[in-house]
Amino acid sequence: LCAGGEVEIEGFEVIPTADATHTDGNYYPPYNKPSSISEYLHSRGHEVRSHSLLVLDPDMVLLAPLGDLQATPSRVTCDGPWDWIAENFTSESIRARSRNPDLVAASGVPYLIDATDLEMVCPLWIDHIRSLRRDQQPKLGWVAEMTAWDLAVADAGLTTDLLPWS
């Protein structure tokens with residue numbers, strides 16, 4: 001899945017980008033990723049529940065075939081560790097935002113995840129973005145969405161496997 005515009009990528013399903021304004025009126029362009037994915041999962045219902053999904057960013061360039069990727073339920077495979085994201089997690093105030101601080105990992109896209117797990121993560125992801133931005137975590141800036149992903153995955157009780165895909 002890739003939240004983007006009206007493009008076609010062979011072998012991928014690109015979903016339309018949702019509005020980047022949260023229901024509370026907070027405009028932040030990265031809201032489009034979890035919102036778009038959540039809308040997609042809800043619109044597809046049981047059709048995608050047993051699938052492995054690979055979440056990409058629209059600015060990613062694939063230089064080689066990805067092969068037959070399969071997600072493992074209750075685990076997410078991500079690129080990482082990302083040092084510049086990991087710096088955010090040295091702060092106890094960031095880790096403390098998760099119900100499972102020991103599961104918080106400094107990861108980045110792509111995210112390989114079971115569709116049912118992703119459906120569980122999306123609302124938590126949006127909530128963490130809103131919370132991080134509301135509390136004005138100035139250090140996070142545009143990576144609030146990425147930090148929120150890691151917190152949401154941990155809150156969902158998922159284990160993150162970090163692979164250096166980049």
Side-chain angles (χ1 to χ4, degrees), residues 1-5 13-44 48 52-60 71 74-163 165-166:
L1 299 174
C2 175
E13 185 168 356
V14 179
I15 59 174
T17 301
D19 186 352
T21 304
H22 192 269
T23 55
D24 65 3
N26 181 321
Y27 178 77
Y28 177 60
Y31 275 129
N32 72 349
K33 190 187 324 181
S35 298
S36 299
I37 292 169
S38 183
E39 287 177 19
Y40 170 81
L41 292 171
H42 285 99
S43 72
R44 289 302 179 94
V48 295
S52 294
L53 300 176
L54 184 67
V55 179
L56 305 169
D57 276 349
D59 61 350
M60 296 187 78
S74 300
R75 299 188 83 80
V76 59
T77 304
C78 304
D79 188 27
W82 286 21
D83 294 339
W84 54 277
I85 294 176
E87 291 172 11
N88 293 328
F89 297 129
T90 58
S91 165
E92 286 303 312
S93 66
I94 297 295
R95 281 190 178 279
R97 292 174 174 271
S98 174
R99 292 187 297 259
N100 300 308
D102 293 340
L103 292 178
V104 176
S107 70
V109 289
Y111 308 135
L112 178 63
I113 187 169
D114 177 80
T116 302
D117 290 340
L118 184 55
E119 190 170 32
M120 182 174 46
V121 166
C122 280
L124 300 169
W125 191 6
I126 293 167
D127 288 347
H128 275 296
I129 293 172
R130 186 176 62 231
S131 171
L132 288 166
R133 291 186 44 75
R134 180 189 62 230
D135 297 345
Q136 299 180 351
Q137 293 288 327
K139 184 176 173 183
L140 297 178
W142 65 272
V143 298
E145 175 266 325
M146 299 165 82
T147 303
W149 164 266
D150 293 322
L151 294 169
V153 166
D155 279 0
L158 305 179
T159 300
T160 300
D161 297 319
L162 299 174
L163 298 176
W165 284 1
S166 52

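Below, each value reflects all heavy atoms present in this structure, side chains not excepted, and no hydrogens, waters or symmetry copies. Values in this document were obtained by computation on a predicted structure and should not be read as measured data.
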Assign the ring pair Trp149 / Trp125 to parallel, tilted or perpendicular, where the plane angle (0 to 90°) is split at 30° and 60°. perpendicular
For the side chain of Ser43 and the backbone of Tyr40, is there at least one donor-acceptor N/O pair under 3.5 Å apart? yes
Can you tell me how far apart CG (Asp102) and CZ (Arg95) are? Round to the nearest 0.5 Å. 7.5 Å
Which residue in the set Asn100, Leu103, Val121, Asp114 passes side chain to side chain contact (heavy atoms under 4.5 Å, CB included) when paired with Leu158? Val121
With rounding to the nearest 0.5 Å, note down the distance linking CZ in Arg133 to NE2 in His128. 15.5 Å
Are Ser74 and Thr159 close enough that some pair of their side-chain heavy atoms sits under 4.5 Å apart? no
Quick check against the 3.5 Å criterion: does Asp155 have a side-chain atom that pairs as donor or acceptor with the backbone of Arg99? yes
Do Lys33 and Val109 come within less than 4.5 Å of each other through their side chains, counting heavy atoms only? yes
Nearest 0.5 angstrom please: Asp127 CG to Cys122 SG, how far? 11.0 Å
Under the side chain to side chain contact (heavy atoms under 4.5 Å, CB included) criterion, do Leu53 and Leu41 qualify, and how do the steps go? CA-CA 11 Å; Leu53 300 176; Leu41 292 171; 3.8 Å; yes
Is any side-chain heavy atom of Ile94 less than 4.5 Å from a side-chain heavy atom of Leu132? yes
Check: Asp117 and Val76 side chains under 4.5 Å, non-hydrogen atoms: no
CG/Asp161 to SG/Cys78 distance, rounded to the nearest 0.5 angstrom? 8.5 Å
For the residue pair Pro101 and Ser98, what are the closest heavy atoms and their distance? CD-O, 3.5 Å
In Å and rounded to the nearest 0.5 Å, what is the CD to CG distance from Glu145 to Asp150? 9.5 Å
Output for pair (Leu118 CG, Ile113 CD1), nearest 0.5 Å, gives 5.0 Å
Quick check: do Val104 and Arg97 have side-chain heavy atoms less than 4.5 Å from each other? no
